[in-house]
**Student:** 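Please see the structure below; I have some questions.
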Amino acid sequence: MPELPEVETYRTYLNKTSLDQVVKKVSIRDDRVLEVDPKELKEAVEGKKFHSTQRHGKYVFVDLKGEFLILHFGMSGDLLYFEDLEEEPTHSRVLFSFEKGKYLSYISQRMFGKIYLTPSVEYFLKKKNLGPDALKMTYEDFLEALERRTAYAKTTLMNQDVIAGIGNIYSDEILFQSHIHPKTHINTLTDSQLREVFENIKKVLHYGIEKKGNLGEYSQKCLIPHRDQEDNCPRCGTQIQRLSVSSRHGFFCPNCQKA
DNA sequence: AGCGATGTTCGCCG
DNA sequence: TCGGCGAACATCGC
């Protein structure tokens, strides 16, 4: 279930469970999730350790000293650390077996997730043409990223080339908190609106990380628990509306978020 | 039983 | 050439 807060939660989980242990074996259960040759992946990881991790947008980079293993989770990815092979989850696609006898599964139900290998993080970010990380960017980075952009605000926030890390659900929340209609063109926002969007990106994502991406635990004051046409705006009680933006749907309050 | 899903990519269009 | 849009991708649960 991964946008930036979920991916950051997975990264923390990997850090807590899997660092500094020798990977004895990499078992590829389904090579469709690989964007790297299976043999190359095994050679790169077997006998090595996960030394540290970093995240950019929705990608996790695992430092193998010399190269980086990259985990991306698509729409249905997850990680599970476990002790007994019988506990291996249903949609485990790649299994890392540690020397200690424990395991880490890379799970991908719908196969939209991908595993890569790269010599350098910078090289990979450039190749993917990713914008600045939503949490690490400064206000100047943000303004620079928006230059020459004219698409809808929601589309722009979700565009990983512009800013990396925001997806469908969090873009709705950010625009709700900023009182901006999802179909407002990004280049028509005032300076104070831009400032507000920037602040809300940080607030909403930090809050998401605090909740470990657990959408069920979000405050009722957020739009997220009300992303439903049958529901009402937590601020003004107006019925929430659904709309389609760049072939995916979003929710907004027609009263609080005027066009 | 069909639709839709928290993502990315690619081809088409202006 | 660049930016934007929307379909396509693979699978499963509601």
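Order of the sequence lines fixes the chain letters, A, B, ..., with proteins taken first and strands second; residue numbering starts at 1 for each chain. Keep in mind that what you see is a predicted model, and the values were worked out from it rather than measured.
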**Student:** Between C/dA10, B/dG4, C/dC12, which one does the side chain of A/Met111 approach most closely?
**Tutor:** C/dA10
**Student:** Taking the C1' atom of each, how far is B/dG4 from C/dG6, in whole Å?
**Tutor:** 16 Å
**Student:** Which dot-bracket string fits DNA chain C when only Watson-Crick or G-U wobble pairs with both atom distances under 3.5 Å count, crossing pairs get [ ], and | stands for a partner on a different strand?
**Tutor:** .||||||||.||||
**Student:** Go through the structure and list residues passing side-chain hydrogen bond (donor to acceptor under 3.5 Å, both in side chains) with A/Ser178, not counting sequence neighbours.
**Tutor:** A/Asn200
**Student:** Could you work out the separation of C/dC9 and B/dA1 based on their P atoms and round it to a whole Å?
**Tutor:** 23 Å
**Student:** Take the protein atom CZ of A/Phe112 and the nucleotide atom P of B/dA5, then report the distance between them rounded to whole Å.
**Tutor:** 13 Å
**Student:** Let me know the distance between CD1 of A/Ile115 and C1' of B/dT8, rounded to the nearest Å.
**Tutor:** 16 Å
**Student:** Side-chain heavy atoms under 4.5 Å apart, restricted to Ile/Leu/Val/Met/Phe/Trp/Tyr: what other residues fall into the cluster of A/Val22, or is it alone?
**Tutor:** none
**Student:** Specify the separation, in whole Å, of atom CD1 of A/Ile107 and atom P of C/dC12.
**Tutor:** 14 Å
**Student:** What integer distance in Å separates A/Phe73:CZ from B/dT8:C1'?
**Tutor:** 15 Å
**Student:** Heavy atoms from C-beta onward define the side chain here; which of B/dT6, C/dC12, B/dT8 lies closest to that of A/Lys58?
**Tutor:** B/dT8
**Student:** What is the distance from CD of A/Glu35 to P of C/dC9, rounded to the nearest Å?
**Tutor:** 16 Å
**Student:** Calculate the interatomic distance between A/Gln160 atom CD and B/dT8 atom P; express it in whole Å.
**Tutor:** 5 Å
**Student:** Whether the side chain of A/Lys24 engages the backbone of A/Ser97 through a donor-acceptor N/O pair (distance < 3.5 Å, no angle test) should be reported.
**Tutor:** no
**Student:** Between atom CD1 in A/Ile224 and atom P in B/dT6, what is the gap in whole Å?
**Tutor:** 11 Å
**Student:** With sequence neighbours excluded, what pairs up with A/Thr53 under the side-chain hydrogen bond (donor to acceptor under 3.5 Å, both in side chains) test?
**Tutor:** A/Arg11, A/Asn15
**Student:** What's the gap between C/dA10 and B/dG11 when it is taken at their P atoms, as a whole Å value?
**Tutor:** 15 Å
**Student:** Please encode protein proximity along nucleotides 9-14 of chain B as a string of B, S and -, counting only heavy-atom distances under 4.0 Å.
**Tutor:** S-----
**Student:** Hydrophobic side-chain clustering at under 4.5 Å (ILVMFWY, transitive links): who's grouped with A/Met158? Put none if nobody.
**Tutor:** none
**Student:** Residues in side-chain hydrogen bond (donor to acceptor under 3.5 Å, both in side chains) with A/Asp133, at least two apart?
**Tutor:** A/Arg55
**Student:** Sugar-phosphate atoms are those with a prime plus P, OP1 and OP2; base atoms are the rest. Using that split, label each nucleotide of nucleotides 1-8 of chain C B, S or - for protein heavy atoms under 4.0 Å, 5' to 3'.
**Tutor:** --SSSBB-
**Student:** Test of understanding: with side chain to side chain contact (heavy atoms under 4.5 Å, CB included), list the residues that count as partners of A/Gln160, not counting sequence neighbours.
**Tutor:** A/Lys58, A/Leu130, A/Ala164
**Student:** If you measure from the C1' atom in B/dT6 to the same atom in C/dG4, how many Å do you get, rounded?
**Tutor:** 22 Å
**Student:** Between A/Arg110 (CZ) and C/dC12 (P), how many Å, whole number?
**Tutor:** 9 Å
**Student:** Of the options B/dA5, B/dT8, B/dT6, whose atoms approach the side-chain atoms of A/His249 most closely?
**Tutor:** B/dA5
**Student:** Among pairs that include at least one residue of residues 203-213 of chain A, which meet side-chain hydrogen bond (donor to acceptor under 3.5 Å, both in side chains), considering only residues two or more places apart or in two chains?
**Tutor:** none
**Student:** Partners of A/Glu217 by side-chain hydrogen bond (donor to acceptor under 3.5 Å, both in side chains), sequence neighbours excluded?
**Tutor:** A/Asn214
**Student:** Any Lys/Arg nitrogen of A/Asp30 or A/Arg32 sitting under 4.0 Å from an Asp/Glu carboxylate oxygen of the other?
**Tutor:** yes
**Student:** Listed by chain and number, what are the salt bridge (charged side-chain N to carboxylate O under 4.0 Å, His left out) partners of A/Arg149, not counting sequence neighbours?
**Tutor:** none
**Student:** Is any side-chain heavy atom of A/Ile224 less than 4.5 Å from a side-chain heavy atom of A/Asp172?
**Tutor:** no
